[in-house]
Amino acid sequence: MAAALTPQGEDFPRWYQDVVAKAEMADNGPARGTMVIRPYGYAIWERMVSELDERIKATGAENAYFPLFIPLSYLSREAEHVEGFSPELAVVTHGGGEELAEPLVVRPTSETVIGEFMAKWIQSHRDLPLRLNQWANVVRWEMRPRLFLRSSEFLWQEGHTAHATREDALNYLMTIHLNVYNDFLVNVLAAPTYLGMKSPRERFAGALNTYTAEGMMKDGKALQMVTSHDLGQNFARAFEITYQSEDGASEVCHTTSWGASTRLVGGLIMTHGDDEGLVVPPRAAPTQVVVIPVRDDDAVLAACERLLEELRREGVRARLDRGRGSFGRRVTDWEIKGVPLRIEVGPRDLAEGVVTLVRRDTGEKSARSIQGLGAAASDLLEVIQGDLLGAATRRRDEATIDVTGIEGAIEAAQGGFARLPWSLVGEDGEDRLNAEAVSVRCLTRPDGSIPESVHEEGLLAIVARSY
RNA sequence: CGGGAAGUAGCGCAGCUUGGUUAGCGCGCCUGCUUUGGGAGCAGGAGGCCGCGGGUUCGAAUCCCGCCUUCCCGACCA
């Protein structure tokens with residue numbers, strides 16, 4: 001059988017492109033850096049949206065929508081913010097056939113507009129905390145676009161909150177980072193990460209601190225999966241987001257922002273994919289089980305239909321694939337798309353009262369009784385979910401090497417992550433790493449927990465090549 | 001944006017060096033028949049502004065200039 005995809009070991013970037021194309025996830029758009037997300041890719045994104053949205057709402061945030069066009073002057077109000085973003089801004093100078101009095105930027109992120117309206121809506125401590133989230137597209141001009149990983153326009157969720165105290169802001173931010181993002185990454189995407197704080201040079205423009213979750217891709221490079229920012233009072237001062245406290249004094253709010261984007265789809269591909277294609281963890285899969293009749297035979301099709309109904313009764317997202325080409329063709333098509341579990345139904349199976357189950361992650365085949373198959377499939381999906389997390393965690397741990405200096409870190413980063421004391425890095429060390437295309441991905445405590453400050457004693461730096 | 005490579009049918013490519021009939025091949029697609037337990041077989045068929053624009057020439061996929069897009073390596077980022 002000819003390989004459908006370039007093997008990962010031969011050329012990983014090429015493998016990635018092949019998967020995106022052959023699994024029918026996305027195409028390049030006509031303008032440089034733009035992306036057309038095809039139904040299958042979008043269905044995976046919708047699974048992510050649904051899981052994230054549910055968790056976000058559970059923390060008390062509400063969805064809203066702010067405009068795509070932002071007056072350029074808004075960006076300028078926070079000095080570091082505009083400086084950080086100006087290289088990647090798309091600016092609209094004309095509208096209705098005339099030059100605009102003030103240029104509009106196409107939102108690269110919405111701290112500024114949302115800040116403006118928070119200032120308007122927040123009067124009293126009784127209005128706090130204000131917790132907003134929006135699902136939107138944003139534009140950041142990219143020099144080197146890659147489907148899902150770096151596109152000039154992408155989809156994301158951006159949360160923005162305002163709090164009375166710094167303590168409340170930080171507590172909430174940690175709830176988002178751990179109970180929303182990390183829970184989603186671990187339990188839905190089966191993607192273990194290193195949680196930590198960004199080094200000063202890697203943090204968001206205008207933030208006091210940025211928290212990250214760094215995933216390890218199968219080629220050993222890091223991908224920032226999500227981001228959460230402690231904005232302190234920087235934006236609150238710039239946009240005059242203030243409130244009157246219980247004792248009547250005027251106080252400046254503390255704000256946060258946090259986001260997760262369509263980049264997660266790229267992260268999913270590179271976390272679990274193999275030489276046969278995509279591997280989607282069951283909880284992230286739009287289709288969890290595909291039922292394939294081995295031949296178009298009335299008895300077989302009838303059995304498939306009954307099976308499909310039973311699976312759906314068990315809450316399994318299942319579909320039937322019939323008639324589209326040969327059996328082998330259908331099998332490989334679904335393998336490339338990474339559907340977690342395949343059920344093959346043929347006359348020989350039916351004669352014995354069984355069907356054949358095939359796991360996408362291991363390729364393992366087993367015959368199971370048709371009786372109670374819905375529940376059995378549902379259980380197996382959970383096993384697969386757990387096994388994928390286990391395998392990804394082992395890969396991450398095995399490819400993380402403790403080193404004692406910059407040289408060792410650069411060497412280790414050729415095939416995975418390196419971990420070393422942050423005190424050994426410093427400005428100079430970070431320069432040397434960056435010169436070798438290696439960067440400090442995050443700072444963590446020795447026990448893996450997230451520091452409160454980059455100045456804490458004993459922090460470790462996780463360094464790697466990255467996307 | 002700097003360095004490198006490339007754009008010819010939906011996808012992958014040949015043709016270009018040395019301009020010259022209806023621009024080919026594999027896969028895919030359509031029709032029919034036979035098939036179907038791991039990318040099916042036979043027969044017939046459809047599909048091309050040769051990336052875009054300009055130039056040279058009697059004549060351009062082929063030579064020259066500009067632009068656009070894609071891929072790889074760097075600096076920037078979700």
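Just so we're clear, the structure is a prediction, and the values are computed from it rather than from any experiment. Sequence lines set the chain letters: A, B, ... in the order given, protein chains first and strands last, and positions in each chain run from 1.
Every pair passing salt bridge (charged side-chain N to carboxylate O under 4.0 Å, His left out) that includes a residue from residues 70-85 of chain A is listed here, sequence neighbours excluded: Arg77(A)-Glu116(A).
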Acceptor/donor pairs from residues 205-214 of chain A side chains to any protein atom, 3.5 angstrom cut, sequence neighbours excluded:
{"from": "Thr210(A)", "atom 1": "OG1", "to": "Phe204(A)", "atom 2": "N", "distance (Å)": "3.0"}
{"from": "Thr210(A)", "atom 1": "OG1", "to": "His229(A)", "atom 2": "ND1", "distance (Å)": "2.9"}
{"from": "Thr212(A)", "atom 1": "OG1", "to": "Glu214(A)", "atom 2": "OE2", "distance (Å)": "2.7"}
{"from": "Thr212(A)", "atom 1": "OG1", "to": "Gln224(A)", "atom 2": "NE2", "distance (Å)": "3.4"}
{"from": "Glu214(A)", "atom 1": "OE1", "to": "Arg441(A)", "atom 2": "NE", "distance (Å)": "3.0"}
{"from": "Glu214(A)", "atom 1": "OE1", "to": "Arg441(A)", "atom 2": "NH2", "distance (Å)": "3.4"}
{"from": "Glu214(A)", "atom 1": "OE2", "to": "Lys198(A)", "atom 2": "NZ", "distance (Å)": "2.7"}

Mind listing the side-chain donor-acceptor pairs of residues 347-357 of chain A below 3.5 Å, one per line with the distance, residues two or more places apart or on another chain?
{"from": "Asp349(A)", "atom 1": "OD1", "to": "Thr356(A)", "atom 2": "OG1", "distance (Å)": "3.1"}
{"from": "Asp349(A)", "atom 1": "OD2", "to": "Gly346(A)", "atom 2": "N", "distance (Å)": "3.1"}

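Rounding to the nearest 0.5 Å places OG1 of Thr6(A) at 11.0 Å from CH2 of Trp15(A).
In this structure Thr287(A) satisfies the side-chain contact (heavy atoms from CB on, under 4.5 Å) test together with Arg319(A), Val339(A), sequence neighbours excluded. In terms of the ring-ring contact (aromatic ring centres under 6.0 Å, His included) criterion, residue partners of Phe417(A) (sequence neighbours excluded) are, by chain and number, Tyr194(A). Partners of Ile336(A) by side-chain contact (heavy atoms from CB on, under 4.5 Å), not counting sequence neighbours, listed by chain and number: Ala4(A), Lys22(A), Ala23(A). The side-chain contact (heavy atoms from CB on, under 4.5 Å) test applied to Arg144(A) returns Arg150(A), not counting sequence neighbours. For Gln17(A), there are no side-chain contact (heavy atoms from CB on, under 4.5 Å) partners two or more places apart in sequence or in a different chain.
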Under 4.0 Å protein heavy-atom contacts per nucleotide of nucleotides 71-78 of chain B, with B for base, S for backbone only and - for none: SSSBBBBB
Return a single string for nucleotides 27-36 of chain B, one symbol per nucleotide in 5' to 3' order, where B is base contact, S is sugar-phosphate-only contact and - is none, cutoff 4.0 angstrom on heavy atoms. ---------B
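The side-chain contact (heavy atoms from CB on, under 4.5 Å) test with Leu75(A) singles out one residue from Val82(A), Thr109(A), Val91(A), Val113(A), and that residue is Val82(A).
Nearest-nucleotide positions on RNA chain B place Pro347(A) closer to the 5' end than the other of Pro347(A) and Gly29(A).
Remark: Arg146(A) qualifies as a cation-pi partner of Tyr16(A) under the 6.0 Å distance and 45° angle criteria applied to the six-membered ring.
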Set out, line by line, the N/O atom pairs under 3.5 Å between protein and nucleotides 47-53 of chain B.
none

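Within residues 354-373 of chain A, the residues approaching RNA chain B are Thr356(A), Lys365(A), by heavy-atom distance under 4.0 Å.
The CE-P distance, from Met35(A) to U70(B), rounds to 13 Å in whole Å.
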